[in-house]
Amino acid sequence: MILLALSVVVFGLLNGVVAFPSAKASIKDRIGAKAYGTVFGLASLLLLSLIVWGWQNAVFVPVYEPTPWGWYVNYLLNFIGFLCLGVFLFRGSLRQTLRFPLELGVIFWALGHLFSNGDAASLILFGGFLLCSLVYIVFARQNGVWPTPEVRLGHDGLSVIFGAALYGIMTQLHGALIGVPVFVLTK
C-alpha cells in the first residue's frame with residue numbers, strides 16, 4: 001500500500017503544478033513547451049499505471065462496510081463524473097461555466113467509489129484523488145486559473161454525448177482495465 005499512497009501523492013503534486021501558473025511557466029521555460037507536454041503526459045501515465053498496479057496488489061484491509069445502495073450511488077456519481085470529463089475535453093461554454101470540469105469529474109468519481117468500497121486501499125486511492133482535486137480547485141481559484149477562453153459552437157452537446165459514451169465504454173472495459181467488473185451477471 002506504500003507504493004499506492006506514494007503514487008497518489010506524487011500524481012497529485014505533479015498535476016497540482018498546473019494550479020500555479022508561475023511554477024508551470026518556469027518549468028516550461030526550463031525544459032521547453034513541447035518537452036513539457038510530453039514529459040508531463042508520460043509521467044502521468046506512468047504514475048497512473050503504478051496507482052492501478054498498487055491498488056490491485058494491495059492487501060484487502062476492511063475499514064467500513066459500504067451500504068447496499070452504495071453501488072447505485074456510485075453508478076450515478078460516476079455518470080456525472082464522466083459528463084464532466086466530456087465537458088473538459090471539449091471547448092464549449094459549459095467548460096467556462098464549470099471552470100474546473102476535470103477536477104469536478106474526479107470528485108464525483110472518487111465520492112462514488114467511496115460509497116461502494118470500504119477498504120484501506122480504496123480510501124487511499126479515492127480519498128487521495130478527492131483531496132487532490134479539492135486542493136487543486138482552491139489553489140487554482142486563488143491563482144486565477146481559468147480554462148482557455150475559446151468557446152466553440154456545438155461543443156456543449158458534443159461534450160455531453162462524448163461523456164456519456166465514455167461512461168458506457170468504461171462500464172464495459174472496467175473489468176479488463178482495472179480488474180473489477182462493474183456489472184456481474186449471474187444466473
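All residue numbers in this chain count up from 1 along the given sequence.
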- prompt: With sequence neighbours excluded, what pairs up with Val160 under the side-chain contact (heavy atoms from CB on, under 4.5 Å) test?
  reply: Leu83, Leu94

message: Among residues at least two apart in sequence or on other chains, which ones pass side-chain contact (heavy atoms from CB on, under 4.5 Å) with Leu114?
response: Tyr64, Leu123, Phe126, Leu130

Leu102, Val106, Leu104 screened by side-chain contact (heavy atoms from CB on, under 4.5 Å) with Leu85, the one that passes: Leu102

task: Taking all non-hydrogen atoms of both residues into account, name the closest pair between Leu166 and Phe82 and its distance.
output: CB-CD2, 3.7 Å

Residues 167-175 side chain polar contacts: donor-acceptor under 3.5 Å, at least two apart:
from, atom 1, to, atom 2, distance (Å)
Tyr167, OH, Tyr75, O, 3.2
Thr171, OG1, Gly168, O, 2.7
His174, ND1, Val180, O, 2.5

- prompt: Which heavy atom in Ala23 sits nearest to a heavy atom in Val17, and how many Å separate them?
  reply: C-CG1, 4.3 Å

task: Only counting residues at least two apart or in another chain, list the ones meeting side-chain contact (heavy atoms from CB on, under 4.5 Å) with Ser22.
output: none

message: Hydrophobic clustering (ILVMFWY, side-chain heavy atoms < 4.5 Å, transitive) - are Tyr36 and Leu13 grouped together?
response: no

field: Counterpart residues, side-chain contact (heavy atoms from CB on, under 4.5 Å), relative to Leu4 (two or more places apart)
entry: Val8, Ile51, Trp55, Ala121, Ile124, Leu125

message: Could you tell me if the side chain of Glu103 sits less than 4.5 Å from the side chain of Phe88, heavy atoms only?
response: no

message: Could you work out, with side chain to side chain donor-acceptor pair (under 3.5 Å) as the rule, every residue matching Asn74, not counting sequence neighbours?
response: Asn78, Ser116

message: My understanding is that only residues two or more places apart in sequence, or in another chain, count here; which of them pass side chain to side chain donor-acceptor pair (under 3.5 Å) with Glu150?
response: Arg152

- line: Looking only at heavy atoms, the pair that brings Asp156 and Ser93 closest together is OD2-OG, 2.6 Å

query: Can you list the other members of the hydrophobic cluster that holds Phe139, where links are side-chain heavy atoms under 4.5 angstrom apart?
result: Phe20, Leu131, Val135

query: Do Val145 and Leu134 belong together in a cluster built from hydrophobic side chains that touch within less than 4.5 Å?
result: yes

field: Considering all heavy atoms, the nearest Pro147-Arg99 contact
entry: CG-O, 3.4 Å

- prompt: Do you know which two heavy atoms are closest between Leu50 and Ser7, and how far apart they sit?
  reply: CB-OG, 3.5 Å

message: Working note: Arg95 + Thr148, criterion side chain to side chain contact (heavy atoms under 4.5 Å, CB included); need CA distance, chi angles, decisive distance, verdict.
response: CA-CA 9 Å; Arg95 192 171 196 223; Thr148 56; 3.6 Å; yes

message: Quick check: do Phe108 and Leu76 have side-chain heavy atoms less than 4.5 Å from each other?
response: no

Pairs involving residues 127-141, ordered by first then second residue, that meet side-chain hydrogen bond (donor to acceptor under 3.5 Å, both in side chains) (sequence neighbours left out): none

- prompt: Members other than Ile2 in its cluster, when Ile, Leu, Val, Met, Phe, Trp, Tyr link by side-chain heavy atoms under 4.5 Å?
  reply: Leu6

- request: Taking side chain to side chain donor-acceptor pair (under 3.5 Å) as the test, write out the residues that go with Ser44, two or more places apart.
  value: none

query: So with a 6.0 Å cut-off around CG of Leu45, is the heavy-atom count from everything else above 12?
result: yes

field: Counterpart residues, ring pair (Phe, Tyr, Trp, His ring centres under 6.0 Å), relative to Phe162 (two or more places apart)
entry: Phe90

- request: Compare every heavy atom of Cys84 with every heavy atom of Leu98, then report the nearest pair and how far apart it is.
  value: CD1-SG, 4.5 Å

